[in-house]
Number of protein chains: 2
Amino acid sequence: MDDDAQPRWLSEEEQLAWVGVTAMMWLLPGSLDAQLHRDSGLNLFDYFVLSSLSQAEGRQRRMSDLAAQSNASPSRLSNAVGRLEAQGWLTRHPHEQDRRSTVATLTDAGYDKVVASAPGHAAEVRRLLIDGRSEAELAALRDVGASVARAVLGERCAETVMPPAARGDAPDC
Amino acid sequence: MDDDAQPRWLSEEEQLAWVGVTAMMWLLPGSLDAQLHRDSGLNLFDYFVLSSLSQAEGRQRRMSDLAAQSNASPSRLSNAVGRLEAQGWLTRHPHEQDRRSTVATLTDAGYDKVVASAPGHAAEVRRLLIDGRSEAELAALRDVGASVARAVLGERCAETVMPPAARGDAPDC
DNA sequence: CCGATTCGTTTCAACCTTGAAGTTTTCATG
DNA sequence: CATGAAAACTTCAAGGTTGAAACGAATCGG
């Protein structure tokens with residue numbers, strides 16, 4: 001509640017941009033969730049975890065790295081990984097050097113699951129968001145996303161969520 | 001699973017744009033929720049309902065209109081309105097002409113709540129998303145949002161979620 | 001008019017997320 | 001070393017969301 005004295009309302013253009021972002025924010029997760037659930041029995045977050053592991057070296061990653069990358073709370077990640085482990089798509093074991101950490105490793109079945117799920121997911125992303133966009137629009141989405149990541153993550157640096165190529169002029173942190 | 005034979009993967013630029021959108025999608029709701037919860041004891045969806053009512057004629061609106069505007073499931077809206085009614089911020093009564101419908105009406109206390117919450121919310125939207133954006137970026141967000149709304153809502157028309165000014169070249173529906 | 005169907009909403013059970021508290025391991029310091 | 005603090009997860013309870021089923025009100029066809 002400790003705002004500045006006079007709130008700076010949004011201009012016409014700013015409001016329209018905000019409405020556009022709300023449309024993406026409200027609509028995309030639901031649709032992508034629905035597609036994955038329908039075609040693969042996964043939700044978007046679980047898919048993200050599997051996909052992230054499939055691209056990691058050795059197909060394994062520490063819980064804390066996964067959490068940072070997805071900006072998820074520890075318990076959310078713990079639950080998701082628990083679900084995926086129960087399905088046999090990954091295993092958990094303590095980290096060799098630092099036994100506080102848990103390392104999640106994708107199983108062969110988990111890798112197959114990602115491979116089977118990815119095309120449908122990519123097609124949906126394309127259909128709902130990418131197809132029909134101009135070069136300039138794609139660049140704007142990249143830059144705005146990087147800016148949002150910086151603003152939200154602040155000192156924790158956008159590195160965790162954005163790949164280097166999209167970070168733009170982020171202060172080195 | 002009934003994809004086309006060969007999946008069309010995303011190009012480099014498309015992937016970066018997608019990563020940018022995921023950053024908005026994952027990060028913004030959480031931060032906006034947190035600000036509202038901290039400063040006003042509201043979540044983003046409840047705030048949206050109150051705000052929508054405060055701008056409606058007579059400060060009242062039918063449940064089905066609210067649901068369409070926010071793309072929420074009926075039960076989600078019912079729960080939200082139930083919470084807000086329990087707080088005394090709105091009342092429910094059957095629609096005069098069509099008694100199947102329920103009309104939600106903002107109370108004076110509810111209106112005061114919106115007025116008290118709006119500046120902090122607007123400031124956060126500004127801080128995380130709007131400030132520092134160019135005219136071109138704002139326009140891109142508006143257009144992409146409109147396009148997503150069309151793609152997701154399909155035949156149901158984007159009208160429900162996007163205001164006319166942002167709908168762009170939507171087919172009349 | 002009367003039965004069948006559709007419409008708008010609510011309710012319910014299953015599931016997911018959140019934030020707080022608890023556990024185990026590691027690190028820093030006296 | 002020993003002890004306190006920090007880090008990395010897990011667990012738990014409270015609350016929110018989803019999709020299906022249920023319910024009353026309105027509409028449509030005969």
> So which of residues 42-53 of chain A are in contact with DNA chain C, with a heavy-atom cut-off of under 4.0 Å?
Replying inline: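 Residues of residues 42-53 of chain A that come under 4.0 Å of DNA chain C do not exist, since none gets that close.
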>> Among residues 94-103 of chain A, which ones have heavy-atom contacts with DNA chain C below 4.0 Å?
In response: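 Of all residues in residues 94-103 of chain A, the ones placing a heavy atom under 4.0 Å from DNA chain C are A:Q97, A:D98, A:R99, A:R100.
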> Passes side chain to side chain contact (heavy atoms under 4.5 Å, CB included), B:I130 versus A:Q15? Steps please.
Replying inline: CA-CA 9 Å; B:I130 298 294; A:Q15 259 200 61; over 6 Å; no
Distance alone, cut at 3.5 Å: any donor-acceptor contact between the side chains of [X] and [Y]?
X: B:Q35; Y: B:D39; result: yes
X: A:R61; Y: A:S52; result: yes
X: A:H93; Y: A:T105; result: yes
X: A:S31; Y: A:E124; result: no
X: B:R62; Y: B:T102; result: no

>> Between B:R133 and A:E14, does the side chain to side chain contact (heavy atoms under 4.5 Å, CB included) criterion hold? Intermediate values first, please.
In response: CA-CA 9 Å; B:R133 297 301 108 217; A:E14 289 168 343; over 6 Å; no
> Going by the ring pair (Phe, Tyr, Trp, His ring centres under 6.0 Å) test, which pairs reach into residues 22-77 of chain A, not counting sequence neighbours?
Replying inline: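 Qualifying pairs: A:Y47-A:H121.
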>> I'd like to check the side chain to side chain donor-acceptor pair (under 3.5 Å) partners of B:Q55; sequence neighbours left out, ordered by chain and number.
In response: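 Side chain to side chain donor-acceptor pair (under 3.5 Å) list for B:Q55, sorted by chain: empty.
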>> Does B:L44 form a side chain to side chain contact (heavy atoms under 4.5 Å, CB included) with A:M25? I'd like the steps, not just the answer.
In response: CA-CA 12 Å; B:L44 187 55; A:M25 215 172 68; 3.9 Å; yes
Round to the nearest Å and state the distance from [X] atom [atom1] to [N] atom [atom2].
X: B:R62; N: C:dC7; atom1: CZ; atom2: P; result: 13 Å
X: B:H37; N: C:dT17; atom1: NE2; atom2: P; result: 17 Å
X: A:R76; N: C:dC15; atom1: CZ; atom2: P; result: 17 Å

> CG of A:D33 to CZ of A:R38: how many Å apart, nearest 0.5 Å?
Replying inline: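 Here the interatomic distance stands at 11.5 Å.
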> Can you tell me if A:S117 uses its side chain to pair, donor with acceptor, with the backbone of A:S40 under 3.5 Å?
Replying inline: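 No.
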>> Please determine whether any donor N or O and acceptor N or O are separated by less than 3.5 Å between the side chain of A:S75 and the base of C:dG19.
In response: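 It does, because a donor-acceptor pair links the side chain of A:S75 to the base of C:dG19 below 3.5 Å.
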> What parts of residues 77-87 of chain B reach DNA chain D, counting only heavy atoms under 4.0 Å away?
Replying inline: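 Heavy-atom contacts with DNA chain D come from B:N79, B:R83.
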> What's the verdict on side chain to side chain contact (heavy atoms under 4.5 Å, CB included) for A:L16 and B:L138, showing C-alpha distance, side-chain angles and the deciding distance?
Replying inline: CA-CA 8 Å; A:L16 290 173; B:L138 292 177; over 6 Å; no
> On DNA chain D, which is the earliest and which the latest nucleotide, 5' to 3', with an atom closer than 4.0 Å to a heavy atom of chain B?
Replying inline: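 Boundary nucleotides touching chain B, in 5' to 3' order, are D:dG16 to D:dA26.
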